[in-house]
Amino acid sequence: MEPAALQKFSPQEFVNKQVIEIRKVVGRERALIAVSGGVDSTTCAVLTYRALGGNLLCAMLDDAFMRTGEPERVSEILSRPPLKLPIKIIRVQERFLKALKGLRDAEEKRRAFRETFYETLSEVAESEGCPYLVQGTIQADIVETVGGIKTQHNVLSQTGISPTEYYGFQIVEPLSTLYKEQVRRVARFLGVPSEISERQPFPGPGLLVRVVGEVKLDKLESVKVATDAAEKLLAEHRPNQYFVAIIDNTETPEHPRVSHVRETTARVLTIPAERISVKVFRDKATGIKSGKRHYGEIVAVKAQTANGFIYQPPIDRLVALQTEILRENPSLTRVFYAVQERLPKQPYVMAMRAIETHDFLTAKASRIPRKTLEKTAQKILQACSNVSSVYYDVTPKPPATVEME
Ligand code: XMP
């Protein structure tokens, strides 16, 4: 969004208009909203509470993909002053894990998440007598789902699914015309505590989209532990979003592009090809090519110094390297560069991701200092014994997306 349009936007006018609109639509009925503690859903809940008061119920789905302790932490913040929202935690971890079992494809996983999400909400809405579901869907969610990039968990009618027919409630989306920065301005205007209004975004399907490929319990547990460590250490450099993702340490055997990527890396980093190792993972990641969804391969690169340490060039060089690699190898969609590793081989690897962006529709890798990347990777390896290597994802959006899936 252009800075001029952002300046012209009046949160007060927006709130006044939406309060009237929500009252007009919902009347004296009860409404349900699913909250995650993110900026969008919280702002939407506070706005709707202004309009409906006690006729609003906030549901926090403890769906197995929240960060450690998050359902409890968020419920506490939302229910205490100044927000004092009526909130219930719905414990549905087993249900979500069952729905995701055995799925590897990113879009299949997202669709299974969305279905379970709405089925659960449909049951809660029925038992609580709520004919309306309010959601904090924003403009970017709709643009990307309708554009076919990825299925957002909270976009239904825009993709032709009738909520009334399938789930028995009508949907109200007060924030659907806003971009993230406008939502933050509305949040500040509404007095949402800064620990939420200034928080980095968190995807609706949560850590599900950061467990690349199949969900396994030990893999999910490690991504939670690593998330705690990485969020603490990367926050200092104020990227717009920062997190980790976990991937099966399974390569495509004898991938035809490996030697080509090795030569490109040797040329760009001016390191002898013998000191460069390259692997392409079996599991893919979501990307965008020419405005369309591209589910492509992930390549991991490591160059070593003459005395066997991992060579750490400046981020700009790594970004230049990924541009070359992706230009020359159209099946690839992401480039990871090694930060720390250990032997022997373990079942998983992790990628740290930190990005700079204005609107989350495009993004570039943050220039996190090498020392911070190394320290974070070290912490992850210490905390997760099932992880062999920690990489930094240096791919911009496009051709990658912010999240892995
Ligand atoms: P991507 O990964 O599509 O993400 O480049 C752009 C921004 O949106 C967040 N994101 C989501 N938010 N539901 C959401 O509410 C989703 O399904 C979803 N997927 C991605 C992502 O974290 C980033 O901030």
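As the structure is a computational prediction, the values presented were derived from the model and not from experiment. One-based numbering, in listed order, for ligands and for the atoms of each. Hydrogens, waters and symmetry mates are skipped; everything else that's a heavy atom, side chains included, is used.
With respect to atom 14 (C) of ligand 1, the closest heavy atom belonging to the protein is G204 N, 3.2 Å. At the top of the distance list for atom 10 (N) of ligand 1, counting protein heavy atoms only, stands P203 CB, 3.8 Å. Atom 7 (C) of ligand 1 has as its closest protein heavy atom F360 CB, 4.0 Å. Nearest to atom 16 (C) of ligand 1 among the protein's heavy atoms is Q152 OE1, 2.9 Å. Nearest protein heavy-atom contact of atom 19 (N) of ligand 1 is R110 NH2, 2.9 Å. Among protein heavy atoms, the minimum distance from atom 23 (C) of ligand 1 is reached at Q241 OE1, 3.3 Å. Nearest to atom 22 (O) of ligand 1 among the protein's heavy atoms is E403 OE2, 2.6 Å. In this structure, the protein non-hydrogen atom closest to atom 4 (O) of ligand 1 is V402 CB, 3.9 Å.
Short contacts between ligand 1 and T401, defined as distances under 4.0 Å to a heavy atom of the residue, involve ligand atoms 1 (P), 2 (O), 5 (O). Of all atoms in ligand 1, numbered sequentially from 1 with element shown, those under 4.0 Å from a heavy atom of K397 are 1 (P), 3 (O), 5 (O), 6 (C).
With F202 as the aromatic partner, R67 meets the cation-pi criteria of under 6.0 angstrom to the ring centre and within 45 degrees of the ring axis. For the pair R185 and F9, the cation-pi criterion (under 6.0 Å, within 45° of the ring axis) is not fulfilled. Cation-pi geometry between R334 and F336 is not satisfied (NZ or CZ under 6.0 Å from the ring centre, within 45° of the ring normal).
When only interatomic distances are considered, the shortest N/O to N/O separation between T151 and ligand 1 does not fall below 3.5 Å. Checking only distances, P201 never comes within under 3.5 Å of ligand 1, N or O to N or O. For the pair P205 and ligand 1, the shortest N or O to N or O distance does not fall below 3.5 Å. Inclusion of K150 in the set of residues having an N or O under 3.5 Å from an N or O of ligand 1 is warranted.
Y166 OH: 12 or fewer foreign heavy atoms inside a 6.0 Å radius.
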Next on the checklist: Pair V183, I138 - check side-chain contact (heavy atoms from CB on, under 4.5 Å), show working.
Outcome noted: CA-CA 8 Å; V183 180; I138 66 168; 3.8 Å; yes

Checklist entry - What's the verdict on salt bridge (charged side-chain N to carboxylate O under 4.0 Å, His left out) for D40 and K180, showing C-alpha distance, side-chain angles and the deciding distance? => result CA-CA 8 Å; D40 306 343; K180 198 70 158 196; 3.0 Å; yes

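Under the 30°/60° scheme for interplanar angles, the aromatic rings of F113 and H153 are found to stand perpendicular.
Pairs passing the ring-ring contact (aromatic ring centres under 6.0 Å, His included) check and including a residue from residues 16-42, sequence neighbours excluded, do not occur.
Between E231 and Y242, the closest side-chain pair of non-hydrogen atoms falls below 4.5 Å.
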